[in-house]
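First comes the structure, then the notes that go with it.
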Amino acid sequence: MAPPHSSSRSSLSPHTPQRPVSRRGLLTASAATAGALLVGTSAAGTASAAGTASAAGTAAAAGKTWPDVIPLPNGFRPEGITIGGGPYAYLGSLGDGSIYRADLRTGQGRIISTGPGTPSVGLELDGRGRLFVAGRAQGARVVDVRTGAVLASYRLTTTTPSFANDVFLTPRAAWFTDSFQPALHALPLGKHGELPHADDVVTLTLRGDWAQTPGETVNANGITGTPDGKALLVVQSGAGGLHRVDPRTGVTRLVDLGDSAPLTNGDGLLLLGRRLYVVQNRQNAIDVFKLAADGRSGIFEGRLTDPDFDVPTTVAAHKNRLYVPNARFTTTPTPDTTYTVVAVEH
């Protein structure tokens, strides 16, 4: 996701306060229930997979008419992307944090939520119209995509430096990577998706095979779940390792990817079934792996590239297409710099 030098699933009505979920209660769930509570299948991933499966008769026709390149506002500086059940992509700005919605059918779009003046990095949409946004040093916020209102804001940690980079949703938690600390931060969600209180944030320290590069260096970046829903997958950008993380203990183990490792500049992750898509931003490529069900190993299947890629960062799917925003980190940003989203078939 963003380089160090970049600048700066309950109803949407106010929820009834829930009894706080303690760190011990959240992270020491039994092995039989930990997957359902903390990992499971992401709402966005389920929607994407369902959209892919249901599109067999229409995807080819859509591909002929839907734009392959979607323009974004000049100077927008995109980073994260997420797509819900409908044909709309949501993107965040590294510049002022605004949220942009693009119609995948026409390529047209608009700002739906004006940013706070600080970066929006990774983001993911749940099935209730709520956008969970990683906000770099500012922590995280939740945005109502219908109104653009900020429903809640969270300070994920008091430790500095901190860099909330990407987010992955499960039915019971929103997990955020911290690129500057060997930790993941979780927002536990209520039984019906209720948002937590500010003091309910859970921090999970990474250990095991994880070796943190100190300082303001991008470590933990993209995040998703394993195919069996029992663990998390996190890519460590600088070292290029893909880690399987136990959400109860924080113990990580390197995923065996054979001769295809390392995943240098690994960024956004997308899991569709057992197929994992790994964006490698500076390589202008998406590497594709077929994972074991438990996510402990994977086989390299191929690499997706496109002449229109210009340092893509993250990836989301709709029907038979992958959509990636060009962050253009090798181009000096100005108010007039152009940015795009590129679609490729998968």
Side-chain angles (χ1 to χ4, degrees), residues 1 39 41-42 44-46 48-49 51-53 59 80-81 83 122 165-166 168 177 179 206 208-211 213 218-246 251-327 329 342-346:
M1 295 208 169
V39 185
T41 303
S42 75
T46 300
S48 296
T52 300
I81 186 171
I83 299 173
N165 198 328
D166 202 1
F168 172 65
T177 55
S179 291
L206 300 178
D209 289 346
W210 191 271
T213 302
V218 176
N219 285 270
N221 200 325
I223 181 172
T224 189
T226 55
D228 64 7
K230 294 182 179 179
L232 299 166
L233 295 172
V234 175
V235 66
Q236 188 176 11
S237 289
L242 181 67
H243 291 257
R244 182 185 186 275
V245 183
D246 185 326
V251 171
T252 80
R253 292 291 178 254
L254 280 168
V255 178
D256 181 2
L257 298 177
D259 295 337
S260 60
L263 299 174
T264 308
N265 299 317
D267 206 323
L269 302 180
L270 175 68
L271 183 72
L272 297 178
R274 287 175 54 189
R275 188 161 283 114
L276 179 69
Y277 297 87
V278 183
V279 180
Q280 290 179 270
N281 52 43
R282 304 279 176 155
Q283 284 88 329
N284 288 312
I286 304 172
D287 280 359
V288 187
F289 297 88
K290 186 67 172 291
L291 296 181
D294 60 9
R296 297 180 188 275
S297 62
I299 299 172
F300 178 70
E301 291 192 326
R303 169 169 282 195
L304 300 175
T305 61
D306 191 277
D308 289 315
F309 284 178
D310 193 351
V311 195
T313 46
T314 52
V315 57
H318 185 69
K319 296 187 175 180
N320 68 327
R321 291 180 144 199
L322 301 177
Y323 290 85
V324 296
N326 280 325
F329 290 150
V342 179
V344 294
E345 291 189 3
H346 69 87

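We count residues from 1, following the sequence as given.
The only member of Val288, Leu304, Ile81 that meets side chain to side chain contact (heavy atoms under 4.5 Å, CB included) when paired with Leu322 is Leu304. When each of Val234, Val245, Asp246 is checked for a side chain to side chain contact (heavy atoms under 4.5 Å, CB included) with Thr252, only Val245 meets the rule.
The distance from the CG atom of Asp209 to the CD atom of Gln236 is 10.5 Å, given to the nearest 0.5 Å. To the nearest 0.5 Å, the span separating OG1 on Thr314 from CG on Asp166 amounts to 7.5 Å. The CG atom of Leu254 sits 12.5 Å away from the CZ atom of Arg296 when rounded to the nearest 0.5 Å. Separation of atoms CD (Glu345) and CZ (Arg321) is listed at 6.5 Å; rounding is to 0.5 Å. In this structure, Leu232 CG and Thr224 OG1 are separated by 8.5 Å, a value rounded to the nearest 0.5 Å. The line from CG of Asn165 to OG of Ser237 is 7.0 Å long, rounded to the nearest 0.5 Å.
A donor-acceptor pair under 3.5 Å links the side-chain atoms of Asn219 to the main chain of Thr213, judged by distance alone. Remark: side-chain polar atoms of Asn281 are not paired, donor with acceptor, to backbone N or O of Val311 under 3.5 angstrom. No donor-acceptor pair under 3.5 Å is formed between the side chain of Asp287 and the backbone N or O of Tyr277. Of the possible donor and acceptor atoms, one in the side chain of Thr177 sits under 3.5 Å from a partner among the backbone N and O of Asn221.
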For this session: I would like to know whether His243 and Val255 meet side-chain contact (heavy atoms from CB on, under 4.5 Å); could you show each step before the answer?
Result: CA-CA 6 Å; His243 291 257; Val255 178; 5.9 Å; no
For this session: Could you walk me through whether Val278 and Phe289 pass the side-chain contact (heavy atoms from CB on, under 4.5 Å) test, one step at a time?
Result: CA-CA 8 Å; Val278 183; Phe289 297 88; 4.1 Å; yes
For this session: Kindly indicate, with the supporting measurements, whether the criterion side chain to side chain donor-acceptor pair (under 3.5 Å) is fulfilled by Arg303 and Gln280.
Result: CA-CA 10 Å; Arg303 169 169 282 195; Gln280 290 179 270; 3.2 Å; yes
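When side chains are defined from C-beta on, Leu291 counts as touching Leu271, because their heavy atoms get closer than 4.5 Å. Looking only at side-chain heavy atoms (C-beta outward), Thr226 and Arg244 come within less than 4.5 Å of each other. Counting heavy atoms from C-beta outward, Trp210 and Val251 have side chains that stay 4.5 Å or more apart. Contact of the Tyr323 side chain with the Val342 side chain is not registered, since no non-hydrogen atoms from C-beta on lie closer than 4.5 Å. Between Leu257 and Ser297, the closest side-chain pair of non-hydrogen atoms is not below 4.5 Å. Between Leu269 and Leu242, some side-chain heavy-atom pair lies under the 4.5 Å cut-off. Side-chain contact between Asp308 and Asp310 is absent, with no heavy-atom pair separated by less than 4.5 Å. Proximity of His346 to Arg275: side-chain heavy atoms (C-beta onward) are nowhere separated by under 4.5 Å.
Scanning both residues, Phe309 and Ile286, for their nearest heavy atoms gives CZ-CD1, 4.2 Å. Closest approach of Ala285 and Thr305 over heavy atoms only: CB-CG2, 3.9 Å. Here the closest non-hydrogen pair linking Pro262 and Ala239 is CB-O, 3.7 Å. Nearest heavy-atom pair across Ala220 and Ser179 is O-OG, 2.6 Å. The nearest pair of heavy atoms linking Pro312 to Val279 is O-CG1, 3.3 Å. Closest approach of Pro227 and Arg274 over heavy atoms only: CB-CG, 3.8 Å.
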